[in-house]
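Note that this is a predicted model, so its numbers are computed, not measured.
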Amino acid sequence: MAVQKFDQLDKEILRMIAADARVPFLEVARACNVSGAAIHQRIQKLTNLGVLKGSQFVIDPEKIGYETCAYIGLNLKNPEDFDRVVTELQKIPEVTECHYTTGNFDMFIKIYAMNNHHLLTMIHDKLQPLGLASSETLISFHSAFNRQLPVVGAPLLEE
């Protein structure tokens, strides 16, 4: 992949929308001293490059009944089953993240459950049949913080 050059306008747009994804384009345009159309074009360019990956509202899982958040390290019986297992994990709506990892696990997932009993049922009924050699579950009591990486200091955005 070719290294993309970002100019000062790109950097300022990224800083502003990272701070508030709902900031109106016209407000960004005024702050950057350019037209609204220019901001729209730059946002489209950054989206097409894959720098921006959409925008969304973040739903608080606890507010809709998912009181348990867990991280589960998975080891597969057959490592050649990675693609199949990922496809099956994508079918489980409570699994919100899946990472290939180094270290003690083949994969690491983030999963939400209504309570501990629901978590146990999902592990037994949905995860174990995927062909796991072993798993380790860590329950999160509370997220201390959750944030995006800062735009300032990003290697490809610095001079």
Decide yes or no for [X] and [Y]: does some side-chain heavy atom of the first lie under 4.5 Å from some side-chain heavy atom of the second?
X: Leu52; Y: Ile17; value: yes
X: Leu9; Y: Ile13; value: yes
X: Ile43; Y: Val28; value: no
X: Met122; Y: Leu127; value: no
X: Arg22; Y: Phe57; value: yes
X: His40; Y: Ser35; value: no

Look at the aromatic rings of Tyr66 and Tyr112 and report parallel, tilted or perpendicular, splitting at 30° and 60°.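 Aromatic pair Tyr66/Tyr112 classed perpendicular.
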Between atom [atom1] of [X] and atom [atom2] of [Y], what is the distance when rounded to the nearest 0.5 Å?
X: Phe105; Y: Ser135; atom1: CZ; atom2: OG; answer: 8.5 Å
X: Leu76; Y: Asp81; atom1: CG; atom2: CG; answer: 6.5 Å
X: Leu49; Y: Lys45; atom1: CG; atom2: NZ; answer: 6.5 Å
X: Glu88; Y: Lys91; atom1: CD; atom2: NZ; answer: 4.0 Å
X: Gln128; Y: Leu74; atom1: CD; atom2: CG; answer: 9.0 Å

When you measure from the side chain of [X] to the backbone of [Y], do you find a donor-acceptor pair of N or O atoms at a distance under 3.5 Å?
X: Asn115; Y: Glu67; value: no
X: Arg42; Y: Ala38; value: no
X: Asn78; Y: Glu80; value: no

When clusters are formed by joining ILVMFWY residues with side-chain heavy atoms under 4.5 Å apart, either directly or through shared neighbours, do [X] and [Y] land in the same one?
X: Leu46; Y: Val23; value: yes
X: Leu14; Y: Val34; value: yes
X: Ile139; Y: Ile109; value: yes
X: Tyr100; Y: Leu130; value: yes
X: Val85; Y: Ile92; value: yes

If every non-hydrogen atom of [X] is compared with every non-hydrogen atom of [Y], which pair is closest and at what distance?
X: Leu138; Y: Phe108; answer: CD1-CZ, 4.4 Å
X: Met107; Y: Cys98; answer: CE-SG, 4.3 Å
X: Pro79; Y: Lys77; answer: CD-O, 3.7 Å
X: Gly36; Y: Leu26; answer: CA-CD2, 4.0 Å
X: Lys110; Y: Tyr71; answer: CE-OH, 3.4 Å
X: Pro129; Y: His124; answer: CD-O, 3.5 Å

Check this for me: [X], atom [atom1], are more than 12 non-hydrogen atoms of other residues, nucleotides or ligands nearer than 6.0 Å?
X: Asn33; atom1: CG; answer: no
X: Ile59; atom1: CD1; answer: no
X: Phe141; atom1: CZ; answer: no

Can you tell me which residue among Leu119, Leu89, Thr96 is in a side-chain contact (heavy atoms from CB on, under 4.5 Å) with Ile111?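 One option only clears the test, and that one is Leu119.
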Quick test of your reading of the model: are Glu27 and Arg30 salt-bridged, counting only N-O distances below 4.0 Å?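 No, no charged N to carboxylate O under 4.0 Å.
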